[in-house]
Amino acid sequence: MNIVLLGAPGAGKGTQAAKLVEEFSTPHISTGDMLRAAVAAGTELGQKAKSYMDAGDLVPDDVIIGLVTERLQDDDTAAGFILDGFPRTLAQAVALDAELSKLGRPLDAALLIDVDPEVIVRRLTSRRMCKDCGYIGTVADVTCPKCGGEMYQRDDDNEATVRNRLDVYEKSTAPLIDYYRGCDLLVSIDGDRDPNVVYADVKKALALFCETYDENDTQEQWFDKLKAVAAALGYAPEVKLYKQSPERYPGHVGDVSMFVRIALTGRSSSPDMYEIMQILGRERTLARLNDCPV
Ligand code: AMP
C-alpha cells in the first residue's frame with residue numbers, strides 16, 4: 001500500500017499510522033517525527049526547521065521535499081509506505097507525484113481523517129506523547145501505558161500555536177483534498193470517533209483500494225466491493241442486474257451473463273463496472289473480472 005494520510009494536525013493521522021504499522025509493518029514516514037528527531041539531534045536540518053516548527057509554520061518546501069525524496073529511496077519503502085504529514089502544500093504534492101512516477105510506484109489512496117477544528121484544539125492542548133516510544137496519549141496518562149516511559153507535551157501543542165497550525169492547514173494543506181479528489185484517490189473518514197472505530201474504516205478503505213479483488217470472493221462479494229469503492233469515492237452506487245447475450249460478450253461461456261451497472265451520480269452517463277475499474281485505474285483487476293463465474 002502506497003498511501004498518504006491527510007488531515008489537520010491532531011486529526012489522528014499519527015494514531016492511525018501507528019495502528020497500520022503494527023498490523024502491516026509498512027514503513028511510516030512522518031515528516032513531523034523526522035524533523036523533531038533532527039531538532040533533538042541538533043543537525044543542520046533541525047536548526048533550520050526549529051523556528052518554523054515552534055511557531056506552527058511550515059518548513060520551506062525545498063527542505064522537506066528533499067527529506068522525503070531521500071527517504072523514499074530506501075529499500076524498505078519498495079513494498080509500500082504510509083506518508084504522514086506530507087504533502088502539506090500543492091508544491092509538495094506535485095513533487096511527490098513526480099518522484100513516485102519516477103520510481104514507478106503510484107499512490108493507492110489519500111486517506112483524509114476529517115475532524116472539526118474546535119475538537120482539534122481541545123484534543124491537541126491535552127495531548128501528551130511518550131519520550132521513549134512515541135505513544136500518543138492524553139493529559140490523563142501520567143506515564144506511558146505502553147512502555148512506562150515519561151510523557152511530555154510537544155512545544156507546539158499550546159493553544160496559540162495550535163490555532164496557527166490550523167490556519168496554516170486551512171490555507172496551505174486543505175486544497176490538497178480537492179487535488180486528490182481530482183485524482184480519484186481521496187477517501188474521507190470521520191475522525192471524530194473512537195480511534196478503533198476510525199481504524200476499522202481506514203482498513204476497509206485500504207482493502208478496497210489496495211486489494212480490490214480476491215479470487216476467493218463469490219461474485220456477490222465482488223460486486224459489493226465494487227459498490228463500496230464507488231461509495232468511498234463519493235458516488236452513489238445503484239446496482240442493477242442485466243442479462244447480456246453471449247454474442248455481445250463472446251468471451252463468456254454459457255447462455256447468459258449477469259452484469260452490474262453502477263450509476264455514478266453527477267455524471268451524464270451511467271458507466272458500468274468496467275468503466276469504474278478504469279476510473280480507478282485497476283486494469284489488472286478488470287482483466288481478472290472477465291474470469292468471474294456467472
Ligand atoms: P506534525 O508532527 O506533522 O504536526 O509536524 C510538526 C511540524 O513540523 C509542523 O507544524 C511543521 O512546522 C513541520 N512539518 C512537518 N511536516 C511538514 C511538511 N510536510 N511541510 C512543512 N512543514 C512540515
Side-chain angles (χ1 to χ4, degrees), residues 3-18 20-21 27-72 81-100 107 110-115 117 119-131 133-137 151-177 179-180 191:
I3 61 169
V4 299
L5 290 175
L6 288 177
K13 300 187 298 295
T15 302
Q16 295 304 318
L20 286 169
V21 171
H28 172 209
I29 305 176
S30 157
T31 43
D33 286 351
M34 288 162 94
L35 291 171
R36 277 184 289 281
V39 170
T43 64
E44 198 185 322
L45 167 69
Q47 285 165 17
K48 242 192 236 173
K50 187 169 181 353
S51 58
Y52 296 100
M53 294 172 74
D54 285 347
D57 291 329
L58 293 183
V59 171
D61 280 339
D62 55 336
V63 174
I64 204 87
I65 288 170
L67 189 71
V68 172
T69 306
E70 212 172 283
R71 179 66 182 88
L72 285 172
F81 53 81
I82 301 162
L83 272 170
D84 164 9
F86 183 95
R88 259 175 154 105
T89 64
L90 215 45
Q92 292 178 17
V94 170
L96 176 66
D97 278 351
E99 185 59 25
L100 292 179
L107 281 181
L111 292 187
L112 169 67
I113 315 286
D114 199 18
V115 181
V119 173
I120 285 188
V121 173
R122 281 201 299 278
R123 257 194 206 178
L124 284 191
T125 50
S126 67
R127 177 165 77 172
R128 299 294 182 271
M129 289 175 79
C130 174
K131 267 191 175 157
C133 73
Y135 172 81
I136 301 166
M151 301 293 284
Y152 76 104
Q153 181 175 32
R154 271 171 51 170
D155 291 344
D156 55 355
D157 276 350
N158 65 76
E159 184 165 345
T161 310
V162 166
R163 290 204 182 272
N164 185 43
R165 286 161 68 199
L166 287 173
D167 286 348
V168 169
Y169 172 79
E170 272 311 313
K171 201 168 115 249
S172 304
T173 311
L176 296 185
I177 296 171
Y179 177 82
Y180 285 116

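Indexing begins at 1, ligand by ligand and atom by atom, following the structure's order.
Among all protein heavy atoms, the one lying closest to atom 13 (C) of ligand 1 is Leu35 CD1, 3.5 Å. The protein heavy atom nearest to atom 3 (O) of ligand 1 is Arg88 NH1, 3.0 Å. The nearest heavy-atom contact from the protein to atom 11 (C) of ligand 1 is Asp57 O, 3.4 Å.
Judged by distance alone, with hydrogens and angles left aside, the side-chain atoms of Ser172 form no donor-acceptor pair with the main-chain N or O of Tyr169 at under 3.5 Å. Counting only distance, with no hydrogens or angles, the side chain of Thr31 and the backbone of Gly85 share a donor-acceptor pair below 3.5 Å. Not a single donor-acceptor pair under 3.5 Å links the side chain of Thr161 to the backbone N or O of Asp157. In this structure, the side chain of Lys13 does not engage the main chain of Ile113 through any donor-acceptor pair within 3.5 Å. Panel note: side chain Arg165, backbone Asp156; a donor-acceptor pair is recorded below 3.5 Å. Between the Gln16 side chain and the Gly12 main chain, no donor and acceptor come within less than 3.5 Å of each other. Checked by atom type and distance alone, the side chain of Asp54 never pairs as donor or acceptor with a backbone atom of Asp155 at under 3.5 Å.
Considering Thr173, Val59, Val168 only, the shortest heavy-atom separation from atom 22 (N) of ligand 1 involves Val59. Here atom 7 (C) of ligand 1 lies nearest to Met53 when heavy atoms of Gln92, Arg165, Met53 are compared.
Heavy-atom proximity to Ile64, at under 4.0 Å, picks out these atoms of ligand 1: 17 (C), 18 (C), 19 (N), 20 (N). Proximity to Arg154 (heavy-atom distance under 4.0 Å) selects the following atoms of ligand 1: 1 (P), 2 (O), 4 (O), 6 (C). Every atom of ligand 1 is numbered from 1 in the order shown, and the set under 4.0 Å from a heavy atom of Thr31 is 15 (C), 16 (N), 17 (C), 19 (N).
Taking any N or O of Gly85, backbone or side chain, at least one lies under 3.5 Å from an N or O belonging to ligand 1.
Contact analysis leaves Lys13 out of contact with ligand 1, as no non-hydrogen atom separation drops below 4.0 angstrom.
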